Amino acid sequence: MMKREKNVIYGPEPLHPLEDKTAGEMLFRALRKHSHLPQAIVDVFGDESLSYKEFFEATCLLAQSLHNCGYKMNDVVSICAENNKRFFIPIIAAWYIGMIVAPVNESYIPDELCKVMGISKPQIVFCTKNILNKVLEVQSRTNFIKRIIILDTVENIHGCESLPNFISRYSDGNIANFKPLHYDPVEQVAAILCSSGTTGLPKGVMQTHQNICVRLIHALDPEAGTQLIPGVTVLVYVPFFHAFGFSINLGYFMVGLRVIMLRRFEQEAFLKAIQDYEVRSIVNVPAIILFLSKSPLVDKYDLSSLRELCCGAAPLAKEVAEIAVKRLNLPGIRCGFGLTESTSANIHSLGDEFKSGSLGRVTPLMAAKIADRETGKALGPNQVGELCIKGPMVSKGYVNNVKATKEAIDDDGWLHSGDFGYYDEDEHFYVVDRYKELIKYKGSQVAPAELEEILLKNPCIRDVAVVGIPDLEAGELPSAFVVIQPGKEITAKEVYDYLAERVSHTKYLRGGVRFVDSIPRNVTGKITRKELLKQLLEKSSK
Ligand code: ATP
Ligand code: MG
């Protein structure tokens with residue numbers, strides 16, 4: 001199974017070998033195979049669905065249309081849309097003919113869209129009618145967008161063609177002889193995805209076909225992904241444009257699952273969808289596990305169909321996970337760790353194994369190590385250092401940024417995650433926090449995630465974020481933003497004391513405790529600590 005050599009840990013052999021195929025070829029085969037399944041994706045808000053047959057045919061017809069229209073290898077297509085049942089049609093169609101896909105965050109304002117689209121410079125953009133005006137504005141302010149196609153209308157709007165009109169104008173109308181192109185999966189870039197922008201501006205990451213194919217074979221491997229079989233119902237609310245939702249969905253289509261989709265997360269719609277569609281498995285961000293563990297709303301719905309909760313994207317407090325698991329009567333939470341730069345989960349709970357607090361073990365074909373930050377030396381069990389990842393899921397790096405790529409991926413192919421953690425004697429990995437988020441108090445370093453985990457154990461605290469407030473003398477002072485659990489009461493002093501009883505004195509909340517209505521998080525559920533701090537500093541300077 002797991003092999004450890006010179007403190008490098010290697011994942012197990014995959015169930016299916018990595019073939020000389022593109023992601024387009026793999027998905028073409030899978031969608032065609034699942035064509036008898038009635039539902040590929042169901043939009044909860046519109047109660048509309050797409051069958052696997054419709055999905056498969058649309059990808060082929062759109063690929064023909066794009067080809068007939070003159071698009072070719074390496075041309076870039078962007079998708080700028082909220083979660084939508086047709087979101088993946090242009091993506092898979094583009095791969096059939098070797099185009100590069102570059103989905104972007106549709107909630108951005110035009111200024112931000114100009115910036116992120118400026119990274120990939122798409123010639124063609126697929127968007128929804130809600131987003132059309134913003135995309136038109138980006139088109140008028142830049143010079144690369146030559147065509148805009150609307151995913152969710154039948155009619156053309158403002159001179160932009162709808163998907164059905166584009167297909168009927170350019171496709172051959174017959175897919176009997178259609179086959180995706182074959183090209184080199186190792187070298188060819190499949191997608192340019194933006195990182196979350198938690199520590200700076202979002203970076204455009206080049207994922208190759210091989211990177212994505214590893215994710216696809218993980219999805220099919222019960223030891224690596226989830227034990228889901230064709231036709232099983234899953235629910236997705238995380239955004240499709242980000243590597244997390246992007247890779248999860250592609251894996252689901254590979255298996256042939258019935259994907260229940262939320263355009264965005266809404267508490268009651270989420271719970272009701274689990275109940276009404278009898279959802280079996282959900283991939284989550286920690287904030288939603290927190291919601292499931294603490295919200296009284298949860299008791300109003302029958303969630304007994306749930307067999308599996310997965311979680312990734314940010315540190316999950318162990319106690320929160322345990323409460324959710326007990327409340328929903330589950331064997332454990334299946335965790336996963338990955339970066340946009342490493343495509344999808346590289347560390348994951350494998351098979352039936354759950355170890356509370358752990359992220360799981362190295363996934364098939366991948367390798368991981370904990371490196372000493374100063375010497376770079378691979379460390380042994382239970383020693384804390386930087387988590388590094390190697391293998392065929394490690395991306396080609398950043399678009400037009402050799403320097404940043406070299407800083408992230410070293411000459412031996414190790415991707416340095418910027419996160420610190422350790423592994424135990426059983427090769428289970430643990431991540432504590434990011435180096436960049438450490439609070440520097442006098443000579444010591446304090447991990448906000450560690451303090452948040454302790455504070456969340458307090459039943460009066462619904463949610464919390466810890467940030468370092470600048471201080472002339474000490475450098476930074478740990479400070480907490482607290483959301484009180486409805487119906488409970490707690491004072492700032494009680495919060496301070498609660499933590500002080502459980503940590504060493506360098507970690508006390510010397511920067512103070514403030515009460516807020518909610519904790520700001522970015523699209524992938526990560527606390528936007530910089531934003532919080534900015535708000536605070538602005539307030540205090542007024
Ligand atoms: P940016 O790189 O633009 O600042 P980002 O690092 O948040 O943003 P992503 O690629 O979306 O962008 O996220 C990768 C990061 O998410 C990891 O480096 C890690 O900090 C965090 N992460 C992912 N999964 C987990 C997990 N299971 N537990 C803890 N942290 C996680
Ligand atoms: Mg990052």
Side-chain angles (χ1 to χ4, degrees), residues 103-105 108 112 115-116 119 191-207 211 238-248 283-290 309-318 320-321 332-349 354-363 368 386-389 393-395 397-399 401 404-405 407-409 415-423 428-438 447-450 452-453 520-531:
V104 293
N105 184 346
Y108 278 166
E112 295 167 312
K115 262 189 217 141
V116 291
I119 297 176
I192 297 172
L193 297 177
C194 288
S195 63
S196 296
T198 312
T199 57
L201 289 175
K203 295 162 275 185
V205 176
M206 296 179 284
Q207 295 186 355
N211 294 158
V238 291
F240 293 179
F241 66 81
H242 178 269
F244 196 36
F246 189 80
S247 64
I248 290 166
V283 175
N284 298 280
V285 294
I288 308 307
I289 303 288
L290 182 64
L309 284 181
C310 308
C311 188
L316 172 65
K318 189 173 156 194
V320 166
I333 293 196
R334 201 177 277 283
C335 285
F337 172 92
L339 290 76
T340 309
E341 292 87 334
S342 64
T343 313
S344 185
N346 320 116
I347 301 193
H348 204 274
S349 322
F354 293 104
K355 199 166 189 177
S356 188
S358 137
L359 296 174
R361 312 216 276 167
V362 182
T363 52
E386 183 172 25
L387 173 55
C388 300
I389 305 285
M393 291 180 110
V394 172
S395 69
Y398 306 111
V399 179
N401 198 339
T405 302
E407 277 164 17
I409 306 168
L415 168 70
H416 295 251
S417 70
D419 299 293
F420 63 97
Y422 60 96
Y423 59 90
H428 277 263
F429 278 81
Y430 302 78
V431 155
V432 184
D433 213 326
R434 298 176 191 253
Y435 284 103
K436 282 194 177 162
E437 308 239 290
L438 281 172
E450 184 196 332
E452 285 158 7
E453 170 157 5
R521 289 185 167 84
N522 66 18
V523 286
T524 37
K526 295 164 177 152
I527 296 175
T528 47
R529 291 179 221 280
K530 277 192 185 149
E531 191 57 34

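Note that this is a predicted model, so its numbers are computed, not measured. Counting starts at 1 for both ligands and their atoms, following the listed order.
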- Least distance between heavy atoms, S358 atom then G360 atom: OG-N, 2.8 Å

- Task: Describe, in one word, how the ring planes of Y423 and F429 are oriented to each other, choosing from parallel (under 30°), tilted (30 to 60°) and perpendicular (over 60°).
- Result: tilted

- Query: Between the candidates L359, V523, I389, D419, which shows the shortest non-hydrogen contact distance to atom 19 (C) of ligand 1?
  - Reply: D419

- Message: Considering non-hydrogen atoms of the protein only, which is the closest contact for atom 12 (O) of ligand 1, and what is the distance?
- Response: S196 N, 3.1 Å

- ligand 1 versus A314: contacting region, heavy-atom distance under 4.0 Å: backbone

- Hey, does C311 come in under 3.5 Å of ligand 1, counting only N/O atoms on both sides? no

- Task: Find all atoms of ligand 1 within a distance of less than 4.0 Å from any non-hydrogen atom belonging to E341, and give their numbers and elements.
- Result: 10 (O)

- Message: With a heavy-atom distance limit of 4.0 Å, tell me whether P315 approaches ligand 1 through its side chain, its backbone, both, or neither.
- Response: both

- Query: When you measure from the side chain of E453 to the backbone N and O of K318, does any donor-acceptor pair fall under 3.5 Å?
  - Reply: yes

- Note on the structure: Only residue of I333, L290, V238, L309 satisfying side chain to side chain contact (heavy atoms under 4.5 Å, CB included) with N284 is L309

- Under 4.0 Å from any heavy atom of T340, which atoms of ligand 1 are there? 9 (P), 10 (O), 11 (O)

- Select the closest option to atom 21 (C) of ligand 1 among A313, P286, S195, judged by heavy-atom distance. A313

- Item | Within-4.5 Å side-chain heavy-atom neighbours: V116 and N105 | no

- Query: Can a non-hydrogen atom of C335 be found less than 4.0 Å from any atom of ligand 1?
  - Reply: no

- Item | Closest protein heavy atom (residue, atom, distance) for atom 2 (O) of ligand 1 | K203 NZ, 3.3 Å

- Query: Under 3.5 Å between some N or O of ligand 1 and some N or O of G197?
  - Reply: yes

- Note on the structure: R434 heavy atoms within 4.0 Å reach ligand 1 at atoms 5 (P), 6 (O), 7 (O), 15 (C), 16 (O), 20 (O)

- Task: Determine whether any heavy atom of H242 lies closer than 4.0 Å to an atom of ligand 1.
- Result: yes

- Message: Which of the numbered atoms in ligand 1 are under 4.0 angstrom from any heavy atom belonging to G336?
- Response: 24 (N), 26 (C), 27 (N)

- Note on the structure: Quick note on ligand 1: atoms under 4.0 Å from a heavy atom of L339 include exactly 10 (O), 14 (C), 17 (C), 18 (O)

- Which protein heavy atom lies closest to atom 13 (O) of ligand 1, and at what distance to 0.1 Å? K526 NZ, 2.6 Å

